[in-house]
Amino acid sequence: MEKRIAESELIINNRGAVYHLDVRPDEIAGTIITVGDPDRVAAVSKHFDKIEGKYQHREFVTHTGYIGDKKISVVSTGIGTDNIDIVLNELDALVNIDFQTRLVKPELTTLKIIRLGTSGALQENIPVDSFVVSSHGLGLDNLMAYYDYQNTSSERNLLEAFRGQVALKPGGASPVIFEAAANLSKHFTDGFHTGITVTCPGFYAPQGRILRGPLANPGLIDNLTGFSYENHKITNFEMETSAIYGLGRVLGHECLSISAIVANRIRKEFSKDGGAAVAALIEKGLGIIAGL
Ligand code: R1P
Ligand code: URA
């Protein structure tokens with residue numbers, strides 16, 4: 001017999017909604033855009049023809065609506081892979097666990113989950129205000145160490161090359177890598193750079209930034225920029241992609257991460273108008289997502 005998921009494991013509030021997101025199963029779409037910044041949710045949903053519902057708990061803001069006949073939800077995750085753990089598991093629960101019986105449904109639903117975020121470029125030729133599609137998420141955080149999953153053979157080869165070329169501090173990060181969903185990435189080619197995105201467990205030292213705290217690994221940025229394996233290069237880094245791709249693998253969802261480049265760490269440049277770059281990414285992204 002299927003195992004009932006206890007009240008302590010899947011927390012459902014008085015509204016019948018999943019705890020952190022405060023969203024009910026009938027309030028979420030099958031195509032979901034994730035954004036880091038809660039204010040970016042309205043910047044996406046203002047393009048919807050109709051908004052059906054707005055929900056918020058803590059940093060997790062969700063708007064569900066339609067572009068034409070296409071039902072789309074946009075959800076803010078806040079910053080970091082720990083928040084992605086919450087958002088991806090709760091989105092999955094909304095479609096794949098029966099909230100009445102607390103049993104996993106016999107027929108599973110595959111969500112399309114697309115991150116529209118911001119990021120720092122690690123290659124000189126990827127300018128600020130351009131867009132990068134993450135062919136892979138390479139995690140230097142530790143979230144995926146807590147899950148059991150299988151890597152593909154091409155992921156294993158890339159990881160072995162990465163371990164050989166990029167020196168990480170002993171006892172520090174243990175890198176993981178996951179590919180994007182090919183049937184989503186194939187729609188995002190014209191006007192997008194593509195490459196490996198490194199996901200970091202912080203914005204400052206974990207991304208080689210020094211304000212006052214000294215770096216344990218001063219060679220990190222040069223190592224990441226110089227990495228090369230077959231036709232793969234590391235294009236950028238940010239703070240969520242590898243966890244989205246990794247949990248997509250574990251839970252069976254199709255995931256893609258796309259970033260507006262707001263910083264170029266090699267040229268030491270920052271966008272003059274990051275808000276405009278993000279707005280342009282939202283418009284271009286929605287034009288494609290509405291047709292998926
Ligand atoms: C850091 O400023 C944040 O910006 C990036 C990083 O991944 C991190 O979340 O993405 P968002 O702009 O989508 O939040
Ligand atoms: N987000 C990041 O995590 N890093 C950057 O450099 C820019 C945006």
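All ligand and atom numbering here is 1-based and tracks the order in the structure.
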Would you call the rings of His20 and Phe60 parallel, tilted or perpendicular, where under 30° means parallel and over 60° means perpendicular?
perpendicular

Val262 neighbourhood, listing ligand 2 atoms whose heavy-atom distance to it stays under 4.0 Å
7 (C), 8 (C)

For Arg265, is at least one N or O under 3.5 Å away from an N or O on ligand 2?
no

Tell me whether Lys233 is salt-bridged to Glu230, with the criterion being a basic N under 4.0 Å from an acidic carboxylate O.
no

Are Glu9 and Arg102 within salt-bridge range, i.e. N to O under 4.0 Å?
no

Do the side chains of Arg249 and Glu155 get close enough for a salt bridge, i.e. N-O under 4.0 angstrom?
yes

Considering all heavy atoms of both residues, which atom of Ile113 and which atom of Ile244 are nearest to each other, and what is their separation?
CG2-CG2, 4.4 Å

Candidates Met239, Gln207, Arg40; heavy atom nearest atom 13 (O) of ligand 1 found on Arg40

Is Arg267 salt-bridged to Glu269, cutoff N-O under 4.0 Å?
yes

So the atoms of ligand 1 within less than 4.0 Å of a heavy atom of Arg115 turn out to be 5 (C), 7 (O), 10 (O), 13 (O)

Show the atoms of ligand 2 that are less than 4.0 angstrom away from any heavy atom in Gln207.
2 (C), 3 (O), 4 (N), 5 (C), 6 (O)

Below 4.0 Å, non-hydrogen atoms only: which portion of Cys200 touches ligand 2? Side chain, backbone, both or neither.
neither

Heavy-atom contacts with Glu238 under 4.0 Å: which atoms of ligand 2 show up? List them by number with element.
3 (O)

Just heavy atoms, cut-off under 4.0 Å: does Arg209 contact ligand 2 by side chain, backbone, both, or neither?
side chain

Residue, atom name and distance, where the atom is the protein heavy atom closest to atom 2 (O) of ligand 1
Phe203 CE1, 3.7 Å

Give the residue, atom name and distance (to 0.1 Å) of the protein heavy atom nearest atom 14 (O) of ligand 1.
Gly36 CA, 3.3 Å

Go through the side-chain N and O atoms of Ser257 and Glu240 and say whether any donor and acceptor fall under 3.5 Å apart.
no

Atom 4 (O) of ligand 1 sits nearest the protein heavy atom Thr118 OG1, 3.1 Å

Salt bridge between Glu160 and Arg163, side-chain N to carboxylate O under 4.0 Å?
no

Checking a contact table here: which protein heavy atom is nearest atom 8 (C) of ligand 1, and how many Å away?
Glu240 OE2, 3.6 Å

